[in-house]
2 protein chains.
Amino acid sequence: MNSEILKSRIRSVADWPQKGIVFRDITPVLEDGEVFQFLIDEMAKFCQEEEIDKIIGIDARGFILASVLAYKLKTGLAIVRKKGKLPYTTISQKYTLEYASETLEMHQDAVKKGERILLVDDLLATGGTMKATVDIVRKLGGTIVGILFFIELKNLKGREKLKGYKIKSLVEF
Amino acid sequence: MNSEILKSRIRSVADWPQKGIVFRDITPVLEDGEVFQFLIDEMAKFCQEEEIDKIIGIDARGFILASVLAYKLKTGLAIVRKKGKLPYTTISQKYTLEYASETLEMHQDAVKKGERILLVDDLLATGGTMKATVDIVRKLGGTIVGILFFIELKNLKGREKLKGYKIKSLVEF
């Protein structure tokens, strides 16, 4: 198996969630056990060079990849959620999307000062969500050792918002 | 390590999301790598007796546990989401909560006829969400071989909605 299979299994859905957008649907990749294994093992290769204390997954598809990597690498898992989903004391970060603003939250005790953190999400688009996550983790005193995506939409230039960090994506569109 | 540690690490948050509710917060369990390993390994024991083709996780905390189990057991992973989150053709199921109704959706091709399915979520409360998931999987022709939860709130009697299925929860409140 090679990374071509990952790209070939991503389903492109036209005009979703709105006209003119091609949505990259990862569910067919997850549904095939062998391809899912391969995806996670490929993502884990990126992590081998780093010592990681905790992996952070972003609500909600990011949870899928981050949790498996945390289990495989025997690290802790922390989650970043959309506003209003976390029950305990949170730290929050607002960020702007093209025509709206969103707020992400994390429990204030989810990252300890000095912990070595890997950030994981399924998709890098404009980078706004990941940048907000970076800001939260830095406020909590975490050290970001890398940022890992399954898919990157190159033309949206999300990397420009994440300059200075080690970034990897497995599949580009 | 034993299952007492799992219960002891769950954080009880009073009056969330509304007055009079004690919310059981699993994030401290996930954040400790060793305890997270133990949780998943304990959940996986329940799966050993069954032949499983696919594991289904429910939006959003269910994704965390279902995805790791799917990876560990080398099965496919499918997801059930709240209305409006899935891009492709879906099948949906409405269900009622105490004072409202919700709709769950799944891609219509996420479960194939005759597949042996394990359903996973973090919490069994009234059972409404899981019952809606059962209904969707049955409509798609899947065979449900078991239903697995981390936590069960016994006094809400969720099991009564799920009669006839093999159900396991690791921790009870």
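Source: prediction; values computed, not measured.
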- Query: Top residue by heavy-atom pair count (under 4.5 Å) with chain A, among B/Leu86, B/Ile79, B/Val35, B/Leu69?
  - Reply: B/Leu86

- If Ile, Leu, Val, Met, Phe, Trp and Tyr residues are connected whenever their side-chain heavy atoms lie under 4.5 Å apart, and connections chain through other members, are A/Leu6 and A/Leu65 in the same group? yes

- Message: If I compare all heavy atoms of A/Lys85 with all of B/Lys82, which pair ends up nearest, and what's the gap?
- Response: NZ-NZ, 4.4 Å

- Query: Do other residues, nucleotides or ligands put more than 12 heavy atoms under 6.0 Å from the NZ atom of B/Lys166?
  - Reply: yes

- With a 4.5 Å limit on heavy-atom distance, are the side chains of B/Glu31 and A/Val111 in contact? no

- Item | Most chain B-contacting option - heavy-atom pairs closer than 4.5 Å, from A/Leu73, A/Ile40, A/Val29 | A/Ile40

- Message: Which atoms of A/Pro87 are under 4.5 Å from chain B, going by heavy atoms: the side chain, the backbone, both sets, or neither?
- Response: both

- Task: Step by step, work out the side chain to side chain contact (heavy atoms under 4.5 Å, CB included) result for A/Asp109 and B/Arg11.
- Result: CA-CA 12 Å; A/Asp109 61 355; B/Arg11 174 162 51 198; 2.7 Å; yes

- With only heavy atoms counted, which part of B/Tyr71 is less than 4.5 Å from chain A, the side chain, the backbone, both or neither? both

- Message: Report which part of B/Ile64 has an atom under 4.5 Å of a heavy atom belonging to chain A: side chain, backbone, both, or neither.
- Response: both

- Message: If hydrophobic clusters are built from ILVMFWY residues whose side chains come within less than 4.5 Å, do A/Val171 and A/Ile5 share one?
- Response: yes

- Message: Is there a path of hydrophobic side-chain contacts, each under 4.5 Å between heavy atoms, that joins B/Phe149 and B/Tyr165?
- Response: yes

- Item | Winner by heavy-atom pair count (cut-off under 4.5 Å) against chain B, out of A/Ala66, A/Gly76, A/Ser67 | A/Ser67

- Query: Do you reckon B/Val120 sits in the same ILVMFWY cluster as B/Leu30, going by side-chain contacts under 4.5 Å, direct or chained?
  - Reply: yes

- B/Phe150 with B/Leu153, same ILVMFWY side-chain cluster at under 4.5 Å: yes

- Query: Among residues 128-146 of chain B, which residues come closer than 4.5 Å to chain A, judged by heavy atom distances?
  - Reply: none

- Least distance between heavy atoms, B/Phe36 atom then A/Thr75 atom: CD2-O, 4.3 Å

- Message: If we define contacts as heavy-atom pairs under 4.5 Å, which of A/Glu34, A/Lys72, A/Arg81 has the most with chain B?
- Response: A/Lys72

- Message: Is it the case that over 12 heavy atoms from other parts of the model lie below 6.0 angstrom from the NZ atom of A/Lys112?
- Response: yes

- Message: Which residues in residues 44-63 of chain B have any heavy atom closer than 4.5 Å to a heavy atom of chain A?
- Response: B/Lys54, B/Asp59, B/Ala60, B/Arg61, B/Phe63

